[in-house]
Amino acid sequence: MVTPSSFTIRRVNQSSKFGKFTSFCSLRQSLLITLWLSLFIVLFIWQKNVFDGLLIFRTRGGIMEIPRLRPVVFNLTDFGGVGDGKTVNTKAFERAILEISKLKNGGGGGQLNVLDGYWLTAPFNLTSHMTLFLAQNAVILAIQDEKYWPLMPPLPSYGFGREHPGPRYGSLIHGQNLTDVTITGHNGTIDGQGKSWWDKFRQKRLNHTRGPLVQIMWSSDIRFSNITLQNSPFWTLHPYDCKNVFITNVTILAPVVGAPNTDGIDPDSCENMVIEDCYISTGDDGVAIKSGWDQYGINYAKPSTNILIKNVVIRSMVSAGVSIGSEMSGGVSNVRVENLHVWSSRRGVRIKTSLGRGGYVRNITYHNITFDTLRVGIVIKTDYNEHPDERYNHKAVPVIEDISFTGIYGHGVRVPVRINGSLEIPVKNVVFRDMSVGITYKKKHIFQCAFVHGRVIGSVFPSPCENLDRYDEQNQLIRRSAMHNITNIDYDF
């Protein structure tokens, strides 16, 4: 029999146990909350440190903060700069860069920030150990009147000038004999305002070769990243005889028609260079690798070598996505182009040269290339007969050899391949493997060849020309061609 007192005792015991249980739960919950808050604080501090050290795209109140990338930092406004699109800021740039040049090299150099605004300027020169940083809405505007553009001697590997004999215009942003220079930002813009130059060029109103937008010469350890370059008067970004050049996350723009010779990036007699994660849409070649012109390039004897082009999207309705030459007289070797997408363009990738160039193009690798709506996909041309003068050596024969194409895909291509070697300049050791390019014209000669020696490994579409040896997927010979020198080049379509 359960008495009221025993029932009360039982309830008290149960309440005591429940209280102990709730106390235990509260303690456990408190410990969990404390642990969670501790982890949150640790993660917050770690994230902040990582962001401060690595990220440059932080924002505060919707405005991207400019990171400190050098020990000493200046703003262009510190030197009288006015970003109203009307005031000429050449003196401000010159004073700021002079101040950076006075810093001790061992101290890490200086940084010049160009804040939001429109900063009109004539050409100016950079200095070593400096970073030029463009804020998100910063636009450096080139002054259009050519009388403000200095004249410079012709490039030594080009002779008397690329467009006119004699001096040439300098670039908007220029540098010579520099080391450790960076141009970067929050995708700010350098605008060459090139239309007046293009119009005067077509009207033959210029007496000197137009200048590039950015030209760095005889320099090393140069970096371009996170900027937009647009509307260059001539070639856009021209590293000349430089070593260790890195170009990443750069956008280059010009009208795809009506903007003559606005190449995107022109590595010229450069060694150890990377072009990566870029978008280029211009009025000429997206990338054009060069090394001098005829006898002047032969005598200068500085090749372009060890160049990687990776993860790049290009549009070129006038010329080609990636070209080598035609000015290649100092030689071009060890070039790798991979993960390239060329769209709505005249040509995809091209090698161009001629008798009189001399030099060589060798050890060139194209891997994972996509063509989207092109007239011609792959071009090798050996009769590109432009010369600086009549004193070139007609017996200077270029060598083209060891060219490989692997993983070539696409659709809407009129002529997938056109390799136009010649008796004097045969194209040697060309290899095709894993190729499937959809065509727009189902004609017989869409894989065009002349004076070509090489091989096809495995499956290739469209059907390759008879000039090439055939191998299976295991690289075993199936059929050796006896017709390397036959031609089926057809420029009518």
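Values below: every heavy atom of this structure, side chains too, minus hydrogens, waters and symmetry copies.
Around the NZ atom of Lys200, the shell of radius 6.0 Å holds more than 12 heavy atoms that belong to other residues, nucleotides or ligands.
In the model, Thr179 has no side-chain atom that pairs as donor or acceptor with a side-chain atom of Ser128 under 3.5 Å. A donor-acceptor contact under 3.5 angstrom links the side chains of Asn187 and Thr228, judged on distance only. Defined by atom type and a distance below 3.5 Å, a donor-acceptor pair is missing between the side-chain atoms of Arg347 and Ser323. A donor atom on one side chain and an acceptor atom on the other are found under 3.5 Å apart for Thr305 and Ser333. With hydrogens and angles left out, the side-chain atoms of His129 and Asp180 include a donor and acceptor closer than 3.5 Å. Looking at Asn249 and Asp277, their side chains never bring a donor and an acceptor atom within 3.5 Å of each other.
Ring centers of Phe432 and Phe405: under 6.0 Å apart, within the cut-off.
For Tyr409, the side-chain hydrogen bond (donor to acceptor under 3.5 Å, both in side chains) partners at least two apart in sequence or on another chain are Asp434. Listed by chain and residue number, Ser329, Arg357, His387, Pro388, Tyr392 satisfy the side-chain contact (heavy atoms from CB on, under 4.5 Å) test with Asp294 (two or more places apart in sequence, or in another chain). Take Asn231 and apply the side-chain contact (heavy atoms from CB on, under 4.5 Å) test, not counting sequence neighbours, and it matches Asp191, Trp198, Pro255.
Considering every non-hydrogen atom in both Ile247 and Leu237, the closest pair reads CD1-CD2, 3.6 Å. The two residues Gly107 and Pro71 have their closest heavy-atom pair at O-CG, 2.7 Å.
Look at Asp285 and Lys352 and you find a salt bridge, because one of the NZ, NE, NH1 or NH2 atoms lies within 4.0 Å of a carboxylate O, short of that distance. For Asp383 and Lys381, the salt-bridge test passes: some basic side-chain N is under 4.0 Å from an acidic carboxylate O.
Going from atom CD1 of Ile309 over to atom CD1 of Ile265 covers 8.0 Å, rounded to the nearest 0.5 Å.
Between Val397 and Leu355 there is a side-chain heavy-atom pair separated by less than 4.5 Å. Side-chain contact between His186 and Pro67 is present, with at least one heavy-atom pair separated by less than 4.5 Å.
For residues 90-128, the ring-ring contact (aromatic ring centres under 6.0 Å, His included) pairs, not counting sequence neighbours, are Phe93-Phe124. Evaluation of the ring-ring contact (aromatic ring centres under 6.0 Å, His included) test over residues 331-362, restricted to residues two or more places apart or in two chains, returns none.
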For residues 76-87, tabulate all N or O donor-acceptor pairs below 3.5 Å that involve a side-chain atom, not counting sequence neighbours.
unit_1, atom_1, unit_2, atom_2, d
Asp78, OD2, Asn75, N, 2.9
Asp84, OD1, Lys86, N, 2.9
Asp84, OD1, Thr87, N, 2.8
Asp84, OD1, Thr87, OG1, 3.2
Asp84, OD2, Thr87, OG1, 3.0

Go through Glu386 and Arg162 one step at a time and tell me if the salt bridge (Lys or Arg N to Asp or Glu O under 4.0 Å) criterion holds. CA-CA 10 Å; Glu386 287 186 1; Arg162 190 62 184 83; 3.5 Å; yes

